[in-house]
Trainee: 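Shown below is the structure under consideration.
The analysis underlying the following values was restricted to heavy atoms, covering all of them including side chains, and did not include hydrogens, waters or symmetry mates. Numbering of ligands and ligand atoms starts at 1, following listing order.
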Amino acid sequence: MKYILSIDAGTTSSRAILFDKHGQAQATAQHEFPQYFPKESWVEHNAKEIWSTQLKAIKEVIASQGITLDEIGAMGITNQRETTVIWDRKSGEPVHNAIVWQDRRTASICDTLQTHASTFLSKTGLLLDAYFSGTKIKWILDSNPNLRKRAEAGELAFGTIDTWLIWNLTKGKTHTTDVTNASRTLLFNIYTLEWDTELLRLLNIPVSLLPKVVSSSEVVGETEASILGKAIPISGIAGDQQAALFGQLCINPGDVKNTYGTGCFCIMNTGEKAVVSQNKMLTTIGWQLNGKVTYALEGSVFIAGALVQWLRDQLQIIKAAPDIEALANTVEDNGGVTFIPALSGLGAPYWDPEATGAIMGITRGTQKGHIARAALEAIALRSRDIIIEMQKDAGVSFDRLNVDGGASNNDLLMQIQANVLNKKVIRPDTTETTALGAAFFAGLAVGFWKDEKELQTIWKENKVFHPINDPTTQGCIERWEERIPKVLKSK
Ligand code: ADP
């Protein structure tokens with residue numbers, strides 16, 4: 001066994017990556033697939049296009065290395081979470097386009113169920129929101145009486161993208177998901193680890209639709225031999241954020257990773273304890289490994305890299321996103337400027353959808369560089385807001401933040417992040433933390449790697465940013481805390 005094949009089924013592309021024993025990505029193949037926007041706030045994928053691009057990426061990555069299939073020990077899968085597919089068990093044909101996590105069409109279903117929000121929260125750790133799969137399944141079944149009839153007769157199957165791909169990879173033999181994906185459906189009790197009868201009844205979803213739930217690291221089946229030419233065990237499954245948490249080896253309570261993309265996705269390991277947030281963060285399953293469940297808290301910042309895009313596209317003070325670093329480095333500090341990035345309201349811990357953004361503290365001396373620096377500080381400070389709340393919720397301390405995502409390549413941003421948190425910030429060598437996490441889960445299940453200790457010996461950092469707690473940082477935090485309340489509108 002020389003490689004683990006990791007499948008990263010993302011929101012815009014299907015990727016396949018071969019990892020070697022050292023956790024190094026040896027080859028990658030990637031194919032984008034179309035996004036469909038049939039109506040305002042609707043987002044769909046064609047599940048068959050996800051499968052065909054995924055299969056193409058898998059075949060390509062194997063061919064690119066000229067390896068034999070015997071050299072692949074196992075396959076791990078990580079995926080965009082919550083996206084919902086329903087298909088016919090006999091024909092394997094989807095009955096509707098996949099409804100993507102971003103799709104808001106079921107917001108009104110959530111409104112009508114609000115009286116049960118606390119029931120959903122207490123069992124699933126989730127807010128009753130259109131984001132999650134439950135109301136998407138209900139919407140598909142409600143859209144056509146015939147579909148509901150077929151679902152009730154046991155003719156249909158539901159799955160998130162992991163489940164859909166495994167169904168196809170095994171030619172319909174395996175209908176399975178893992179605890180992390182199940183924990184994002186609004187149907188799964190994260191304490192008993194079972195589909196919840198009461199929640200299924202509230203959403204009017206027949207249990208016969210649902211996949212078997214397994215741990216994140218165990219052999220769940222093997223690819224049908226004719227698909228790749230040889231059967232390969234499938235032995236790891238995890239939703240993307242959870243896979244990234246594991247890929248960052250955030251394996252102890254308090255370990256936390258932040259992904260800097262368009263928004264920031266922050267997720268903290270809370271150990272064997274499922275922590276209920278006082279601040280509308282989500283409680284979720286991090287993974288289940290060797291029978292043991294690790295829980296996590298999850299929070300997100302909606303506008304992070306998007307702020308850099310705004311400076312690029314709207315204000316046009318930079319040409320490309322990475323240029324912001326050089327521009328921010330033309331000045332020594334923010335010159336008293338604070339950028340409040342409430343471009344689409346402000347999320348946790350402020351939860352003010354009406355808030356609008358602001359650039360405060362401008363004087364005649366204010367330069368472009370100050371605005372650029374204040375924007376980077378805003379990304380770091382919003383992440384700090386979330387991480388501090390998570391830490392309060394979890395009651396655990398942490399000493400480092402692991403980072404990934406496009407904007408984590410910005411050294412200045414990472415240094416600012418270390419400064420405002422007063423913690424070390426660690427950027428890993430690989431940028432493929434999500435795929436690496438899935439590979440780790442798959443590899444552990446088949447003995448490719450022995451245990452987490454061995455994983456620690458191969459995990460490499462690219463750079464560590466040590467905090468500098470100087471008066472500039474203090475001033476920046478103080479002004480932030482003083483100025484944020486000025487943009488809050490809803491009471
Ligand atoms: P996503 O997966 O959300 O598309 P990526 O992880 O690809 O995001 O990161 C892209 C985002 O990061 C964009 O919003 C972009 O503006 C921002 N970004 C990329 N490189 C940098 C950089 N060097 N400095 C600051 N922001 C960056």
Trainee: If you measure from the Lys or Arg side-chain nitrogens to the Asp or Glu carboxylate oxygens, is any gap between R81 and D240 under 4.0 Å?
Mentor: yes

Trainee: Under 3.5 Å, is there a donor-acceptor pair linking the side chains of K257 and Q241?
Mentor: yes

Trainee: One thing to verify: whether R184 and E298 come together as a salt bridge, which I'm taking to mean a side-chain N less than 4.0 angstrom from a carboxylate O.
Mentor: yes

Trainee: Distance under 4.0 Å, heavy atoms only, partner ligand 1: which residues pass?
Mentor: Y260, G261, T262, G305, A306, V308, Q309, A321, P322, I324, G405, G406, A407, N410

Trainee: Report all side-chain donor-acceptor pairs from residues 99-109 shorter than 3.5 Å, counting only partners two or more places apart or in another chain.
Mentor:
residue: W101; atom: NE1; partner: T11; partner atom: OG1; Å: 3.0
residue: D103; atom: OD1; partner: R105; partner atom: N; Å: 2.9
residue: D103; atom: OD1; partner: R105; partner atom: NE; Å: 3.0
residue: D103; atom: OD2; partner: V43; partner atom: N; Å: 2.6
residue: D103; atom: OD2; partner: R105; partner atom: NE; Å: 3.2
residue: D103; atom: OD2; partner: R105; partner atom: NH2; Å: 2.8
residue: R104; atom: NH1; partner: D129; partner atom: OD1; Å: 3.0
residue: R104; atom: NH2; partner: D129; partner atom: OD2; Å: 3.4
residue: R105; atom: NH1; partner: E44; partner atom: OE2; Å: 3.3
residue: R105; atom: NH2; partner: E44; partner atom: OE2; Å: 2.8
residue: T106; atom: OG1; partner: T135; partner atom: OG1; Å: 2.8

Trainee: Considering only NZ, NE, NH1 and NH2 on the basic side and carboxylate oxygens on the acidic side, decide whether R427 and D411 come within less than 4.0 Å.
Mentor: yes

Trainee: Quick check for you: to the nearest 0.5 Å, what is the distance between D178 atom CG and N181 atom CG?
Mentor: 5.0 Å

